[in-house]
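If you read the sequence from its start, that first residue is 1, and numbering goes on from there.
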Amino acid sequence: MAGDFAKFYDQHMDAVYRFVYFRVSNNRALAEDLTADIFTSALAAFESFDPSRGEKAWIMTIARNKVINHWRDKKEAIDIEDIAFSLEGENGLDNVESADDIRHLREAMAQLKPHERALIEQKYLLGYRYKEIAKNLEKQPGAVRVETYRAMKKLKELMKIHV
């Protein structure tokens, strides 16, 4: 079991950290603490994990709940749908560094429809493949790819307005 969890951790740690990092206002120390807490909870429940749910969906559900609990406990309001992520590539930490860029990105994200934000979040922040997103939405991967492309194109246009 320890070997299985170590493999699971290595496979999902980066995605979980990125997910948390942008939801805690780019606070690295807090993101590291929450990520550790998420994997501690996952380890405690690993034996009862149902593989039919999918590993990524399971760990990201734990991560989402931990972040929500963190903000609830802090009694600070945040719309976790308005996230920061990288416009290009899979690693949100590489391209979005300054607070000003993140503020512009959040403003642009707020102008997208919820469905568009969710597609961009799943693809570029969480690193889901189109096939995984399509399965979650009960759509064809090709349709999800087109919708995601259009949402990203719209976001990039909105980002140009803010520059």
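By the 6.0 Å contact criterion, CD on E55 is enclosed, its count of non-hydrogen atoms from other residues, nucleotides or ligands being greater than 12. Environment of NZ in K135: sparse, with no more than 12 heavy atoms of neighbouring residues, nucleotides or ligands closer than 6.0 Å.
Residues N27 and Y21 fail the side-chain proximity criterion, which asks for heavy atoms closer than 4.5 Å. Contact annotation: the side chain of F46 approaches that of D4 to within less than 4.5 Å [non-hydrogen atoms, C-beta and beyond].
Listed here is the closest heavy atom pair of A15 and M60: O-CE, 4.0 Å. When all heavy atoms of K66 and L34 are compared, the closest pair comes out as O-CD2, 4.4 Å. Across every non-hydrogen atom of L112 and R117, the tightest pair is O-NH1, 2.8 Å. Of all non-hydrogen atoms in F19 and V67, the two that sit nearest each other are CE2-CG2, 4.4 Å. Closest non-hydrogen pair, K123 versus R129, comes out as NZ-CA, 4.5 Å. Annotation for I62 and S41: closest pair CG2-CB, 4.3 Å, computed over non-hydrogen atoms.
Note that the CE atom of M159 and the CG atom of L155 stand 6.5 Å from one another [nearest 0.5 Å].
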Under the criterion side-chain contact (heavy atoms from CB on, under 4.5 Å), I'd like the reasoning laid out for H70 against V20: C-alpha separation, chi angles, the key distance, then a yes or no. CA-CA 11 Å; H70 165 76; V20 172; over 6 Å; no
Between E47 and F5, is the side-chain contact (heavy atoms from CB on, under 4.5 Å) condition met? List the steps. CA-CA 10 Å; E47 285 186 35; F5 187 78; over 6 Å; no
L137 vs L119, side-chain contact (heavy atoms from CB on, under 4.5 Å): CA-CA, chis, key distance, verdict: CA-CA 10 Å; L137 298 176; L119 286 171; 3.7 Å; yes
Check step by step if side-chain contact (heavy atoms from CB on, under 4.5 Å) holds for E147 and H115. CA-CA 9 Å; E147 288 179 44; H115 177 72; 2.6 Å; yes
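Here K56 does not pair with E132 in a salt bridge; the nearest charged N to carboxylate O distance is not below 4.0 Å.
Contacts of D14 classified as side-chain contact (heavy atoms from CB on, under 4.5 Å), with partners at least two apart in sequence or in another chain: R18. Residues satisfying the side-chain contact (heavy atoms from CB on, under 4.5 Å) criterion with K131, sequence neighbours excluded, are absent altogether.
The main-chain N or O of K113 is found under 3.5 Å from a side-chain atom of E116 such that the two form a donor-acceptor pair. One N or O on the side chain of N65 and one on the backbone of T61 form a donor-acceptor pair closer than 3.5 Å.
Under the ring-ring contact (aromatic ring centres under 6.0 Å, His included) criterion, the residue pairs touching residues 47-69 are F8-W58, F49-W58, with sequence neighbours excluded.
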